[in-house]
Student: 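After the structure tokens below, expect a handful of questions from me.
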Amino acid sequence: MTGQFVRLAEAGRPEVSFTLDGEALTALAGDTVLTAVLMQRRAVRRSEFGEDLRAGFCLMGACQDCWISDADGRRFRACSTLLAAGMKLVTLP
Amino acid sequence: MTAPIVVGAGPAGISATLTLVEAGLRPIVIDEAARAGGQIFRRPPPGFTRPPSQLYGADAAAGMRLHQAFDALGGRIDYRPETLVWSIEPDAVHLQGPAGRDRLDRGPLLLATGATDRLLPIPGWTKPGVFSLGGSQVALKAQGCAIGRRVVFCGTGPLLYLVAYQYAKAGAEVAAVLDTSRFADSVRALPLLAADPAKLVRGVYYLGWLRAHGVPVHYGVRPLTVHGEAVSRLTWRDGDRRLNETACDALALGFGLRSETQTADLAGVPFRFDAGRRQYLPETDEDGRSTAPAVYLAGDGAAVRGAAAAETAGRLAAFALLADLGHQVDAAEQETLRRRMARFERFARGLDLAFPFPVDLLDSADDDTLLCRCEAVTIGSLRHAVTDLGAEEVNRAKAFVRPGMGRCQGRMCGLATAELYARTRGLALEQAGRLRGQAPVKPIPLA
């Protein structure tokens, strides 16, 4: 699957393992949850008010459009949360 | 004495903090970011290696100076990073930080809350692959990423050219720069823009660089529709109203900046309408002293004037706070700073003329276009609230059909809601009113 984001720099950081919808993946240390997901996918969630997809928008903690859950139901604002090793992220229901 | 509280650690907040410490005070500094710098001088997470010259371009020296000065403060301030001011009451400031909830006694408040992108809805602007212009810059600066493989920059303002330039230089494919302003707008603004010749020259340089590197730049553009389930192309009209389309997998959208004022609202500061900036702003004197007792404002959160102005304004506002506490302040320096602010203001007025907010986009917008991203409120719903339900001003329209009711509290849609309200009723924008700030300003956990 092709992601939304493209790395242009800073690709030499150590890898961090996480899962996305059950799939084992890696991102880089210092990636936000949003970066980690958008390197793999084009969306992080659906709008609560319909079927339309969302992928975040402001990337600075203002718009609240990138909230995402993990497998335990904890919720994160993806753009302002750094990815931690072992996170089990869930995108689309 | 209760310690002064500085909210925000961008150029204005840092500069204010340095000034307060210089005067022997120990301010509490609250910032949402993990490290001080604000959005403009935002620092990537640990482990990133690009030098400041690459992150901040022509502003690198100023950024490094502010970072170093702030980092050197150590224990002379009570620094609370990764902390949100979620409410302000007459006697208390409420925080949400890494360790949970906290309550501070309300000392003098210096608000330096910055700005976010100024936005207008276009059909498809909620689709994956559309990001705010400022957000597209954050992706590159703080994460080393482009928002897509082939990026269109659409909107207006100096940031449009700067970020397109930064993307192209970093190796991204910039499919087009689509400016809604006309070249004639810039020419008209030249006398005011001459207040800051260096900045003017820099803007011309970015434009020239983009053109020299084959990036298509168009003026007088009207974006029409973002196509695809996730972005696949953008249709738009050029200055001669000819229909165009550009294939892309990402769109950076932004029409300038808007002041982030919700904290000032909660602190009880009265607002006044700023016609040039088309926004209600906290009312202050020329030093940033508000008409609410012991509340001061500085930087883009008071009025958008950019980073250098924010640094000056931070020092001025801190001087006002100190003077009100009975400290002796340097009157000669105060005068110098005020003169400098007048020049920044002149330049900012020039930018408003050069890059006008293209609110006519709302007139042609169809009813199905989403206005409020959070609550999926359409432009048609707001028109209905105005025309059929008789909403007397924007807060009433919010009560009827919920624009600005969602998690972002109107930060993304509030200005467009007011513009659409005024245009639907045929009123001056000032008469639409402004969405009131509500606590919590951002989602906080209940536990």
Side-chain angles (χ1 to χ4, degrees), chain A residues 1-16 27-67 74-84 91-92, chain B residues 32-34 39 42 44-50 54 82 84 114 116-117 119 125-132 134-140 142-149 151 167 170-173 229-231 249-250 253 260 370 373-377 406-409 411-412 442-443 445:
Chain A
M1 193 180 290
T2 310
Q4 177 67 43
F5 277 11
V6 184
R7 282 194 207 284
L8 297 179
E10 312 272 12
R13 289 168 284 141
E15 290 192 349
V16 175
L28 301 182
D31 279 356
T32 64
V33 168
L34 187 66
T35 298
V37 173
L38 291 184
M39 284 302 298
Q40 308 288 338
R41 303 262 195 281
R42 291 202 69 181
V44 298
R45 66 182 191 99
R46 287 187 196 282
S47 160
E48 291 90 337
F49 296 90
E51 283 297 286
D52 57 319
L53 299 167
R54 297 292 174 92
F57 183 66
C58 81
L59 273 63
M60 56 183 83
C63 81
Q64 319 297 321
D65 214 354
C66 65
W67 282 86
R74 276 177 302 221
R75 301 178 72 243
F76 312 94
R77 191 170 59 202
C79 77
S80 56
T81 307
L82 289 183
L83 185 77
T91 57
L92 308 177
Chain B
E32 284 187 70
Q39 294 303 338
R42 185 175 170 128
F48 285 65
T49 55
R50 281 169 298 168
Q54 218 173 323
E82 294 183 273
L84 168 75
T116 66
D117 290 273
L119 293 155
W125 75 301
T126 57
K127 290 180 179 183
V130 184
F131 294 93
S132 77
S136 71
Q137 191 185 37
V138 169
L140 182 59
Q143 294 281 280
C145 288
I147 57 168
R149 279 158 188 74
V151 185
Y167 263 59
E173 186 186 353
E229 187 182 32
V231 181
D249 67 355
L253 189 69
E260 179 58 57
L370 288 185
R373 304 173 64 91
C374 300
E375 300 278 305
V377 179
R407 292 187 196 109
C408 98
Q409 293 265 9
R411 277 184 288 268
M412 299 296 118
K442 292 182 183 180

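Residue numbers begin at 1 in each chain, while the letters A, B, ... track the order of the sequences.
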Student: Within a strict 4.5 Å, meaning less than it, do heavy atoms of the A:Leu28 and A:Glu15 side chains meet?
Tutor: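 Yes - at least one pair of side-chain heavy atoms lies under 4.5 Å apart.
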
Student: So for B:Pro128, is it side chain, backbone, both, or neither that comes closer than 4.5 Å to the heavy atoms of chain A?
Tutor: both

Student: Heavy-atom pairs under 4.5 Å with chain A are the metric here; pick the option from B:Ser136, B:Cys374, B:Gly47, B:Ala146 that has the most.
Tutor: B:Ala146

Student: In terms of heavy-atom pairs under 4.5 Å with chain B, which of A:Phe57, A:Trp67, A:Phe49 leads?
Tutor: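 The option with the most such pairs is A:Phe57.
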
Student: With chain A as the partner, which of B:Gly129, B:Pro46, B:Ala142, B:Ala34 has the greatest number of non-hydrogen pairs under 4.5 Å?
Tutor: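 The candidate making the most pairs under 4.5 Å is B:Gly129.
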
Student: Side-chain contact test, heavy atoms from C-beta onward, threshold under 4.5 Å: evaluate it for A:Glu48 versus B:Arg407 and give yes or no.
Tutor: yes

Student: Could you look at A:Gln64 and say if it's the side chain, the backbone, both or neither that has a heavy atom under 4.5 Å from chain B?
Tutor: both

Student: Verify, without hydrogens or angle tests, whether B:Arg42 (side chain) and A:Met60 (backbone) share a donor-acceptor contact under 3.5 angstrom.
Tutor: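 Such a contact is absent between B:Arg42 side chain and A:Met60 backbone.
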
Student: Is the backbone N or O of B:Gly406 less than 3.5 Å from a side-chain atom of B:Arg373, with the two atoms forming a donor-acceptor pair by type?
Tutor: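 Not a single qualifying donor-acceptor pair exists.
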
Student: What are the two closest non-hydrogen atoms of B:Cys408 and A:Cys63, and how far apart are they?
Tutor: CB-O, 3.3 Å

Student: Where on B:Asp249 is there a heavy atom nearer than 4.5 Å to chain A: the side chain, the backbone, both, or neither?
Tutor: both

Student: Which bit of A:Thr32 is near chain B, if near means a heavy-atom gap under 4.5 Å: side chain, backbone, both or neither?
Tutor: both

Student: So for B:Arg411, is it side chain, backbone, both, or neither that comes closer than 4.5 Å to the heavy atoms of chain A?
Tutor: side chain

Student: Non-hydrogen atoms of chain A under 4.5 Å away: do they reach the side chain of B:Gln143, the backbone, both or neither?
Tutor: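 Its backbone and side chain both get close to chain A.
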
Student: Heavy-atom distances under 4.5 Å only: say whether A:Leu82 touches chain B with side chain, backbone, both or neither.
Tutor: side chain

Student: Could you tell me which portion of A:Arg13 (side chain, backbone, both or neither) has an atom closer than 4.5 angstrom to a non-hydrogen atom of chain B?
Tutor: side chain

Student: Taking the side chain as every heavy atom from C-beta outward, state whether B:Leu253 and B:Phe131 have any atom pair closer than 4.5 Å.
Tutor: no

Student: In terms of heavy-atom proximity below 4.5 Å to chain B, should A:Asp31 be classed as side chain, backbone, both, or neither?
Tutor: both

Student: Is chain B contacted by the side chain of A:Ala29, its backbone, both, or neither, given a heavy-atom distance below 4.5 Å?
Tutor: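 Contact with chain B: backbone only.
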
Student: Are the side chain of A:Arg45 and the backbone of A:Asp65 linked by a donor-acceptor contact shorter than 3.5 Å?
Tutor: yes

Student: Is B:Glu229 atom CD crowded by more than 12 heavy atoms from other residues, nucleotides or ligands, each under 6.0 Å away?
Tutor: no

Student: Contact part of B:Gln54 toward chain A, heavy-atom cut-off under 4.5 Å: side chain, backbone, both or neither?
Tutor: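 For B:Gln54, neither part sits under 4.5 Å from chain A.
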
Student: Under the 3.5 angstrom rule, does the side chain of B:Lys442 hit a backbone N or O of B:Leu84 as a donor-acceptor pair?
Tutor: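 Not a single qualifying donor-acceptor pair exists.
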
Student: Measure A:Gln4 against the heavy atoms of chain B and call it side chain, backbone, both or neither at under 4.5 Å.
Tutor: both

Student: If you count heavy-atom pairs under 4.5 Å between each of B:Leu119, B:Asp117, B:Thr116 and chain A, which one has the most?
Tutor: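 Greatest number of close heavy-atom pairs with chain A: B:Leu119.
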
Student: Going by an N to O cut-off under 4.0 Å, is there a salt bridge joining A:Glu10 and B:Arg50?
Tutor: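 Yes, this pair counts.
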
